[in-house]
Amino acid sequence: MTRRILLIDDETDIQAVVKIALTMHTDWVVTTANSGEAGLEIAIATHPDAILLDVAMPGMDGLATISALQKNETTTDIPIVFLTAKAQAADRRRLYEAGASGVITKPFDPTTLSSQVAGFLAWVL
């Protein structure tokens, strides 16, 4: 089953690695956004099956972005998995409290990224 994933991350290198990692052994389609603001617009317009979201971004950070996504009736039901370098237990707890379906720590293993995402979202690969 083709899944549509929106990756919101301001780092183009991360975007490239994630896109390759998620599409290499799946039929998933990955769209990218460089900022929380752009990601919000794309999510409203395309309603992806899931969003991978960075925490530390200039302007609208990940927590502000998830809040905006949850407040919008078009995007409130889209599951969000954070991709973040913030790995402390308190950081992870804050992300789950904000509504995350999962948290993947950077640096991540590209060879297992799709299975991690699928596991958090209860998707069959």
Legend entry - Summary of side-chain hydrogen bond (donor to acceptor under 3.5 Å, both in side chains) pairs that have at least one residue in residues 40-49, sequence neighbours excluded: H47-D77

Legend entry - Pairs touching residues 18-27 that satisfy side-chain hydrogen bond (donor to acceptor under 3.5 Å, both in side chains), sequence neighbours left out: T2-D27

Legend entry - Chi angles and distances behind the side-chain contact (heavy atoms from CB on, under 4.5 Å) call for L22, L52: CA-CA 11 Å; L22 293 182; L52 295 184; 3.6 Å; yes

Inset, instruction - Considering only Ile, Leu, Val, Met, Phe, Trp and Tyr, and joining two whenever side-chain heavy atoms are under 4.5 Å apart, list the other residues clustered with I20. - result: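 The other cluster members (ILVMFWY side chains, heavy atoms under 4.5 Å, direct or chained) are M24.
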
Kindly give the heavy-atom pair with the smallest separation between [X] and [Y], and that separation in Å.
X	Y	result
V81	S101	CG2-CB, 4.5 Å
P110	A21	O-CB, 3.4 Å
L6	P48	CB-CG, 3.8 Å

In chain order, what residues pass the side chain to side chain contact (heavy atoms under 4.5 Å, CB included) check against [X], with sequence neighbours excluded?
X	answer
A16	none
A64	M60, D61
K86	V55, T84, D91, R94

Can you list everything that forms a side-chain hydrogen bond (donor to acceptor under 3.5 Å, both in side chains) with [X]? Sequence neighbours excluded, please.
X	answer
T12	none
N34	Q15
R3	none
T74	N72

Can you tell me how far [atom2] of [Y] sits from [atom1] of [X], rounded to the nearest 0.5 angstrom?
X	Y	atom1	atom2	result
I80	I66	CD1	CD1	4.0 Å
T32	D10	OG1	CG	12.0 Å
L69	I44	CG	CD1	7.5 Å
I51	I42	CD1	CD1	10.0 Å

Inset, instruction - Say whether, by atom type as modelled, one donor and one acceptor occur between the side chain of Q116 and the main chain of G102 under 3.5 angstrom. - result: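 Not a single qualifying donor-acceptor pair exists.
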
Inset, instruction - Without swapping roles, check the side chain of S35 against the backbone of A38 for a donor-acceptor pair under 3.5 Å. - result: yes

Inset, instruction - Check the pair L7, L83 against side-chain contact (heavy atoms from CB on, under 4.5 Å), reporting the backbone distance first and the verdict last. - result: CA-CA 9 Å; L7 169 64; L83 261 177; 4.0 Å; yes

Donor-acceptor pairs under 3.5 angstrom involving side-chain atoms of residues 117-125: please list them, not counting sequence neighbours.
none

Legend entry - Single-linkage hydrophobic cluster V29~L53, side-chain heavy atoms < 4.5 angstrom: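 No, V29 does not connect to L53 through the hydrophobic network.
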
Legend entry - Residue pairs involving residues 60-113 (criterion ring-ring contact (aromatic ring centres under 6.0 Å, His included); sequence neighbours excluded): none

